[in-house]
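One-based numbering along the sequence shown.
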Amino acid sequence: MNQVYNFFTAESLRLDEFLQKELPLKIQASCSNSKIRRLIVAGAVSVNGRIVNRPAFELRGKSKVVVEFDKEKFFYEKQPDDIKFECSDKDVLFEDENLIFINKPSMFPVEQTITGNRANLHDAVVDYLWKRNPALRNPPYVGIMHRLDRETSGVILFTKNRTINKAVSNMFQGHNFEKKYVAVVGKSSVISRQPSEGKGTGFEKNGEHFVGEKFSVEMFMGRISGKSQAGKWGQTSEKQGGQFSKTDFNIIGEGKFEGKDCYIVECNLFTGRTHQIRVHLSSVGLPLLGDELYGGMPAKRIYLHAYELKCRSESLNFDVKAPVVW
């Protein structure tokens, strides 16, 4: 059964930081940072009557914050079948004094989850850096600046000191970067579609001309599933609190994956919304192989790989790629 917790504040503070301070006092139990973020992203938190899904949302002026969730489930989470992973030199794609880029494996979470005892990539990177410098009395700092879904593989960036966090945060918030993914979609998933105001391309069912096709998807996105259900995002309106999203796609090849005929799609993100690629491809009848939540054919994993992360600015200059190995 869900419990409702009401808070009132006039502070200027990030939503996740406010709840990290106030929620443990209300429920009389400790809450990790990741638990707080999970609650917010899951749509369990509203500010002044409007659901907020961004942990970094800024509370300004007088605000009423309402948190609604099942306290018992909050402290219990079924453990999925994660792989065993230990970070080593071969997993480091690039590193300097401020940043470290890791080639994340599929089927492994980026950060700690609600239970607080699940192996994750962040902890693996901390262990890796500490083993390189065992003289340190405390664990080295490793900052999480963006995330990949558990089943998504590929390049992910962590910071190695807090001084660089602002520059990296500004990069992501200002979209001052290039982020490319490679996806696999089943041919049998393809459906007919008409062009929409020149922003896409028309697909013919069972057509043979898909390789080389380029198209874009733009929409306002938001959570469309209930609070007690698995998080599912989809097209909403700006008035409903949806956030603008845009992805460019290019069908670059085809092949067989798990015995299924598939297309290989390059995805170039202009924004970084939750489940953006999954929602965008599903919206045009091309759901990812393995992404049953959005209509894809069953498979051992969701076939999505973060291929490249690139930035060219005064404070950040890098171009890091993770080889595509399914």
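- For the atom pair CD1 of I36 and CG of D16, the computed distance is 8.5 Å after rounding to the nearest 0.5 Å.
- Between E258 and K300, the shortest heavy-atom distance links the atoms OE2-N, 2.9 Å.
- Classification of E308 and K179 as a salt-bridged pair fails, no side-chain N sitting under 4.0 Å from a carboxylate O.
- Side-chain polar atoms of Y141 and N165 form a donor-acceptor pair below 3.5 angstrom.
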Item checked: Criterion ring pair (Phe, Tyr, Trp, His ring centres under 6.0 Å) on Y181 and Y307, from CA distance to verdict -> CA-CA 5 Å; Y181 286 71; Y307 171 66; 9.9 Å; no

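- K160 places a side-chain N or O within donor-acceptor distance of the main-chain N or O of D96, the cut-off being under 3.5 Å.
- A side-chain donor-acceptor contact under 3.5 Å links R273 to the backbone of F244.
- Atom CG in L23 sits 5.0 Å away from atom CZ in F7 (nearest 0.5 Å).
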Margin query: Under the criterion side chain to side chain donor-acceptor pair (under 3.5 Å), I'd like the reasoning laid out for Q276 against T271: C-alpha separation, chi angles, the key distance, then a yes or no.
Written below: CA-CA 8 Å; Q276 177 172 319; T271 54; 2.8 Å; yes

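- Nearest heavy atoms, P287 versus Y294: CB-O, 3.4 Å.
- Taken from NZ in K260 to NZ in K187, the straight-line distance is 14.5 Å, to the nearest 0.5 Å.
- For the pair S63 (side chain) and V65 (backbone), a donor-acceptor distance under 3.5 Å is absent.
- Aromatic rings from Y263 and F210 are positioned such that their centres are separated by under 6.0 Å.
- Exactly one of I156, L93, I102, N103 qualifies for a side chain to side chain contact (heavy atoms under 4.5 Å, CB included) with V320. That residue is L93.
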Checklist line | Criterion salt bridge (Lys or Arg N to Asp or Glu O under 4.0 Å) on D82 and R150, from CA distance to verdict | finding: CA-CA 9 Å; D82 296 330; R150 170 180 172 266; 2.6 Å; yes

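- The cluster map of Ile, Leu, Val, Met, Phe, Trp and Tyr, joined by side-chain heavy atoms under 4.5 Å apart, puts V41 and M145 in different clusters.
- No donor-acceptor distance shorter than 3.5 angstrom exists from the side chain of N6 to the backbone of V4, with no hydrogens or angles considered.
- Of the inter-residue distances, the one linking C311 atom SG with N317 atom CG reads 7.5 Å to the nearest 0.5 angstrom.
- Atom-to-atom distance recorded for R14:CZ and I40:CD1 is 8.5 Å, nearest 0.5 angstrom.
- Relative ring orientation between F177 and F172 is described as perpendicular, the plane-to-plane angle rising above 60° on a 0-90° scale split at 30° and 60°.
- Between the side chains of H280 and S245, at least one donor N or O sits under 3.5 Å from an acceptor N or O.
- The shortest non-hydrogen separation linking C262 to L289 is SG-CD2, 3.9 Å.
- Ion pair E266/K214 not flagged as a salt bridge, since none of the NZ, NE, NH1 or NH2 atoms sits closer than 4.0 Å to an Asp/Glu carboxylate oxygen.
- For N98 and N161, the side-chain atoms include at least one donor-acceptor pair closer than 3.5 Å.
- The closest donor-acceptor contact from the side chain of H122 to the backbone of V142 lies under 3.5 Å.
- Between Y303 and F257, the ring planes are perpendicular. Angles over 60° get that label, and only those under 30° would be called parallel.
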Check: What do the steps show when you test M219 against V279 for side chain to side chain contact (heavy atoms under 4.5 Å, CB included), and what is the final call?
Finding: CA-CA 10 Å; M219 66 172 66; V279 172; 3.9 Å; yes

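- Side chain of N170 to backbone of K166: a donor-acceptor contact under 3.5 angstrom is found.
- Counting non-hydrogen atoms of other residues, nucleotides and ligands closer than 6.0 Å to CZ of R312 gives a total above 12.
- Geometric assessment of K26 against the ring of Y5 yields a negative cation-pi assignment under the 6.0 Å and 45° thresholds.
- Using a 4.5 Å cut-off between side-chain heavy atoms of Ile, Leu, Val, Met, Phe, Trp and Tyr, with links allowed through other members, I277 and V155 fall into different hydrophobic clusters.
- In terms of heavy atoms, V168 sits closest to L99 at CG2-CD2, 4.0 Å.
- Criterion: ILVMFWY side-chain heavy atoms under 4.5 Å apart, direct or through other members. Under it, V211 and V185 are part of a common hydrophobic cluster.
- Here S313 contributes atom OG and M171 contributes atom CE; the two are 8.0 Å apart, rounded to the nearest 0.5 Å.
- The nearest pair of heavy atoms linking R223 to W233 is N-CD1, 3.4 Å.
- Shown here for A183 and C267, the closest heavy-atom pair between the two residues is CB-SG, 4.0 Å.
- Hydrophobic cluster membership is shared by V47 and L13, with clusters built from Ile, Leu, Val, Met, Phe, Trp and Tyr side chains linked at under 4.5 angstrom.
- In summary, the side chains of R301 and S153 do present a donor paired with an acceptor at a separation below 3.5 Å, with no hydrogens or angles considered.
- Between K104 and D91 there is no salt bridge, since no side-chain N of the basic residue sits under 4.0 Å from a carboxylate O of the acidic one.
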Next item on the list: Decide yes or no on ring pair (Phe, Tyr, Trp, His ring centres under 6.0 Å) for F101 and F158, but give the supporting numbers first.
Entry: CA-CA 6 Å; F101 296 78; F158 296 96; 9.5 Å; no

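- L281 and F220 are assigned to two separate hydrophobic clusters, defined by single-linkage of ILVMFWY side chains at heavy-atom distances under 4.5 Å.
- Remark: R132 engages E95 in a salt bridge, criterion side-chain N to carboxylate O under 4.0 Å.
- Salt-bridge formation is detected for the pair E111/R37: a Lys NZ or Arg NE/NH1/NH2 atom is positioned less than 4.0 Å from an Asp or Glu carboxylate oxygen.
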Checklist line | side chain to side chain contact (heavy atoms under 4.5 Å, CB included) assessment of L15 paired with E58 | finding: CA-CA 6 Å; L15 178 60; E58 290 286 339; over 6 Å; no

Next item on the list: Please step through side chain to side chain contact (heavy atoms under 4.5 Å, CB included) for the pair M107 and E151, ending with a clear verdict.
Entry: CA-CA 5 Å; M107 313 307 286; E151 295 187 41; 3.6 Å; yes

Next item on the list: Tell me, with the steps shown, if W326 and V182 meet side chain to side chain contact (heavy atoms under 4.5 Å, CB included).
Entry: CA-CA 10 Å; W326 300 112; V182 175; 3.9 Å; yes

